[in-house]
Asker: 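Take a look at the following structure, please.
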Amino acid sequence: MLRYLSAGESHGRGCFCFIDGFPAGLKLEPEDINFWLAERQKGYGRGGRQRIEKDEVDVLSGIRAGVTQGSPILLAVWNRDFENWREAMDPWKPSSGERARKIVQPRPSHADLVGALKYGHDDCRNVLERASARETAARVAAGALCRKLLAEFNVDVAAHVVQIGDAIADTDTIPSNQLRSLSMESTVRCCDKEAEPRMIAAIKAAKQAKDTLGGIVEARMWGLPPGLGTYVQWDMKLDARATQALASIQAVKGVEIGLGFRAADRPGSAYHDEIVYEPGDRVKGPYRRLSNNLGGMEGSMTTGEDFVVRVVKKPIATLMRPLRSVNMETHEATKAEVERSDACAVPALAIIVEAALAIVFAEAFIEKFGGDSVAEMKRNYDAYLDAINQR
Ligand code: EPS
């Protein structure tokens with residue numbers, strides 16, 4: 001069983017990730033993780049923080065001589081900005097006045113208010129430090145290990161931005177294996193050259209208006225054999241696990257698989273993916289679908305077609321022209337706290353979505369094919385492919 005948990009505060013020592021149940025025998029280089037950490041920091045619309053940080057992984061356990069050991073893996077991404085926050089974030093000594101950077105004017109749409117009520121904090125900083133999307137650096141590090149494991153089985157994932165504000169891309173006809181190179185050419189990770197400048201203009205306008213923007217990312221994963229996940233128990237359903245992993249990314253408000261909500265407009269005859277017998281692709285198996293409206297999932301299991309999912313992120317909560325709020329000490333009407341923030345972090349979401357999916361699907365591979373070593377997984381994987389190709 002693959003499990004992972006993160007720890008860390010946005011302006012504390014760093015972002016940490018504990019991964020248990022990761023198979024032995026996967027060869028890795030630091031760049032396999034650092035590349036994705038750097039990608040997460042990029043994107044038009046990011047704020048000043050990314051100029052301070054240069055996220056790099058520090059492996060504290062579980063990897064020896066560039067090979068995973070089968071033992072728990074502990075990863076750290078140290079925060080450079082911590083130097084500027086030592087006093088406010090000190091684990092032992094309380095700081096006072098300006099230096100404490102106390103926040104009592106919660107931002108609408110952030111975790112500030114409810115978190116303070118729930119945990120009994122009188123300082124919203126105790127909430128926002130952990131609720132911050134900086135936590136996604138830890139997930140991206142864990143996701144990088146899982147991507148590398150999936151690559152051993154020729155599974156790949158690419159996410160790209162399909163909407164920012166009212167700028168919408170047209171990318172349905174772009175093959176999945178071209179999404180990576182096309183999105184890497186774009187500062188907003190958009191594969192549609194015509195929509196890209198409209199997205200950049202939308203972010204620029206929002207920034208000038210001291211506002212923020214959300215958007216939609218689409219991810220596709222390919223190289224998946226049929227039969228990952230299961231229909232037999234609610235908490236083992238793979239589409240549900242992918243949805244949970246994606247919905248838990250900060251600011252995500254919706255996830256749809258395949259046609260998603262657009263399934264409501266169609267009769268069954270125009271929605272269901274018809275089945276044909278078409279041997280030839282060993283991984284997909286001999287049965288194919290004539291379309292992929294279900295996004296590569298039937299009965300909460302992979303079908304062998306590409307897994308397709310879209311994720312919507314709300315606009316970032318911190319506005320430079322703050323919305324109405326309440327001072328929690330005086331109960332007076334006031335404006336929400338203004339903290340340095342991003343105008344739009346949707347391009348970064350693409351990298352985080354890929355990482356979140358890599359973790360869920362790596363876990364599904366380990367369940368199906370065994371989790372002690374990569375070599376054992378490969379033996380079981382080959383035997384399974386032999387079996388399905390005889391059906
Ligand atoms: C983030 C770092 C943060 C924010 C962002 C995510 O840095 P700081 O708060 O120091 O500017 O830029 O967090 C949010 C927008 C949020 O709402 O939590 C990062 O590294 O991704």
Side-chain angles (χ1 to χ4, degrees), residues 8-12 15 40-41 43-53 79 81-82 84-90 94-137 163-166 202-216 247-254 311-349 352:
E9 283 86 33
S10 182
H11 305 100
C15 307
R40 190 199 73 91
Q41 291 195 266
Y44 187 79
R46 284 294 226 174
R49 177 72 183 272
Q50 304 311 324
R51 287 194 287 278
I52 299 171
E53 302 298 343
N79 289 330
D81 206 16
F82 176 64
N84 306 316
W85 289 76
R86 266 188 183 276
E87 213 175 321
M89 298 303 291
D90 192 293
S95 46
S96 58
E98 284 281 288
R99 291 181 162 168
R101 307 205 192 192
K102 187 176 183 182
I103 290 181
V104 294
Q105 296 165 189
R107 291 160 294 173
S109 194
H110 212 287
D112 300 353
L113 174 58
V114 186
L117 295 177
K118 175 178 164 67
Y119 287 94
H121 294 309
D122 61 1
D123 180 357
C124 296
R125 175 152 314 280
N126 293 336
V127 178
L128 70 93
E129 284 292 336
R130 179 62 190 154
S132 166
R134 175 101 192 118
E135 184 265 349
T136 58
Q163 183 169 350
I164 288 181
D166 59 5
I203 297 170
K204 204 174 200 171
K207 203 171 176 179
Q208 269 162 8
K210 299 188 172 184
D211 216 329
T212 57
L213 278 183
I216 299 175
S248 72
I249 298 170
Q250 292 78 351
V252 164
K253 295 301 271 185
V311 176
V312 63
K313 178 176 165 71
K314 70 183 177 180
I316 284 171
T318 310
L319 300 189
M320 295 302 134
R321 193 170 58 194
L323 298 173
R324 279 177 290 187
S325 183
V326 174
N327 182 309
M328 292 177 75
E329 286 175 343
T330 64
H331 299 167
E332 280 165 5
T334 180
K335 289 288 169 78
E337 186 68 36
V338 179
E339 283 238 326
R340 171 189 62 198
S341 187
D342 308 322
C344 178
V346 178
L349 176 68
I352 301 158

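For clarity, every value in this text was computed on a predicted model and none was experimentally measured.
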Asker: Does atom CZ of R340 have more than 12 heavy-atom neighbours from other groups under 6.0 Å away?
Answerer: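 Yes, CZ of R340 has more than 12 neighbouring heavy atoms, counting only those of other groups under 6.0 Å.
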
Asker: Under the criterion salt bridge (charged side-chain N to carboxylate O under 4.0 Å, His left out), I'd like the reasoning laid out for E329 against K102: C-alpha separation, chi angles, the key distance, then a yes or no.
Answerer: CA-CA 11 Å; E329 286 175 343; K102 187 176 183 182; 2.8 Å; yes

Asker: Are the side chains of I164 and I203 in contact, using a 4.5 Å heavy-atom criterion?
Answerer: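 The answer is yes, as the side chains (C-beta and beyond) meet within the 4.5 Å cut-off.
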
Asker: Measure the CG-CD1 distance between D81 and I52 for me, rounded to the nearest 0.5 Å.
Answerer: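 Going from the CG atom of D81 to the CD1 atom of I52 covers 4.0 Å.
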
Asker: Is there side-chain contact between V252 and L349, with heavy atoms separated by less than 4.5 Å?
Answerer: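 Of all side-chain heavy-atom pairs linking L349 with V252, at least one is under 4.5 Å.
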
Asker: How far does CG of L113 sit from OG of S325, to the nearest 0.5 angstrom?
Answerer: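 Here the rounded value is 7.0 Å.
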
Asker: Can you tell me how far the CD atom of Q105 sits from the CG atom of N327, to the nearest 0.5 Å?
Answerer: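 It is 5.0 Å, given to the nearest 0.5 Å.
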
Asker: What pair of heavy atoms forms the shortest contact from S109 to K314, and how long is it?
Answerer: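 Answer, listing the atom of S109 first, then K314: O-NZ, 2.6 Å.
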
Asker: Could you state the interatomic distance from CG (L323) to CZ (R107), rounded to the nearest 0.5 Å?
Answerer: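 CZ of R107 is found 11.5 Å from CG of L323.
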
Asker: Does a side-chain heavy-atom distance below 4.5 Å link I216 with V311?
Answerer: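 With C-beta onward as the side chain, the pair stays apart.
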
Asker: Do D342 and T212 touch side chain to side chain, with heavy atoms closer than 4.5 Å?
Answerer: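 Counting from C-beta outward, D342 and T212 never come under 4.5 Å.
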
Asker: Counting only pairs under 3.5 Å, give me each side-chain donor-acceptor contact of residues 128-135, with atom names and distances, residues two or more places apart or in other chains.
Answerer:
from: E129; atom 1: OE1; to: S10; atom 2: N; distance (Å): 3.2
from: E129; atom 1: OE1; to: H11; atom 2: N; distance (Å): 2.7
from: E129; atom 1: OE1; to: H11; atom 2: ND1; distance (Å): 3.2
from: E129; atom 1: OE2; to: H11; atom 2: ND1; distance (Å): 2.7
from: E129; atom 1: OE2; to: R125; atom 2: NH1; distance (Å): 2.8
from: R130; atom 1: NH1; to: G8; atom 2: O; distance (Å): 3.0
from: R130; atom 1: NH2; to: S6; atom 2: O; distance (Å): 3.1
from: R130; atom 1: NH2; to: S6; atom 2: OG; distance (Å): 2.9
from: S132; atom 1: OG; to: S10; atom 2: OG; distance (Å): 3.4
from: S132; atom 1: OG; to: R134; atom 2: N; distance (Å): 3.0
from: R134; atom 1: NE; to: N79; atom 2: OD1; distance (Å): 2.8
from: R134; atom 1: NH1; to: D55; atom 2: OD2; distance (Å): 3.1
from: R134; atom 1: NH2; to: D55; atom 2: OD1; distance (Å): 2.7
from: R134; atom 1: NH2; to: N79; atom 2: OD1; distance (Å): 3.0
from: E135; atom 1: OE1; to: R139; atom 2: NE; distance (Å): 3.0
from: E135; atom 1: OE1; to: R139; atom 2: NH2; distance (Å): 3.2
from: E135; atom 1: OE1; to: Q250; atom 2: NE2; distance (Å): 3.1
from: E135; atom 1: OE2; to: S6; atom 2: OG; distance (Å): 2.6

Asker: Work out which heavy atom in A88 is nearest to a heavy atom in R99; give both atom names and the distance.
Answerer: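 Closest heavy-atom pair between A88 and R99: CB-O, 3.4 Å.
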
Asker: Are the side chains of C124 and E337 in contact, using a 4.5 Å heavy-atom criterion?
Answerer: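 Heavy-atom side-chain distance check fails, nothing below 4.5 Å.
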
Asker: If you take all heavy atoms of T136 and R40, which pair is closest and at what distance?
Answerer: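 In terms of heavy atoms, the two residues are closest at OG1-NH1, 2.8 Å.
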
Asker: Can you tell me how far the CD1 atom of I249 sits from the CD1 atom of I352, to the nearest 0.5 Å?
Answerer: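 Atom-to-atom, I249:CD1 and I352:CD1 are 6.5 Å apart.
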
Asker: Assess whether side-chain contact (heavy atoms from CB on, under 4.5 Å) is satisfied between V338 and M320, documenting all intermediate values.
Answerer: CA-CA 6 Å; V338 179; M320 295 302 134; 3.6 Å; yes

Asker: Quick one, E9 and F82 - any side-chain contact, counting heavy atoms below 4.5 Å?
Answerer: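 No, every pair of side-chain atoms sits at 4.5 Å or beyond.
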
Asker: Is D122 close to V104 at the side-chain level, that is, under 4.5 Å between some pair of heavy atoms?
Answerer: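 No - every pair of side-chain heavy atoms lies 4.5 Å or more apart.
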
Asker: Considering residues at least two apart in sequence or located in another chain, which fulfil the side chain to side chain donor-acceptor pair (under 3.5 Å) criterion with N126?
Answerer: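 Result, side chain to side chain donor-acceptor pair (under 3.5 Å) vs N126: H121.
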
Asker: Which atom names give the shortest non-hydrogen contact between R46 and A345, and what distance separates them?
Answerer: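 Scanning both residues completely, I find the closest heavy atoms to be NH1-CB, 4.1 Å.
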
Asker: Check whether any side-chain heavy atom of C344 lies under 4.5 Å from a side-chain heavy atom of K207, and answer yes or no.
Answerer: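 Side-chain contact under 4.5 Å: no.
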
Asker: Grab the two heavy atoms, one from D112 and one from P106, that are nearest each other, plus how far apart they are.
Answerer: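 Taking every non-hydrogen atom into account, CB-CB, 3.6 Å.
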
Asker: What heavy-atom pair brings P347 and G43 nearest, and what distance separates the two atoms?
Answerer: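 For P347 and G43, the tightest heavy-atom pair comes out as CB-CA, 4.0 Å.
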
Asker: How long is the straight-line distance from OG of S341 back to CZ of R49, given to the nearest 0.5 Å?
Answerer: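 Nearest 0.5 Å value for the CZ-OG distance: 11.0 Å.
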
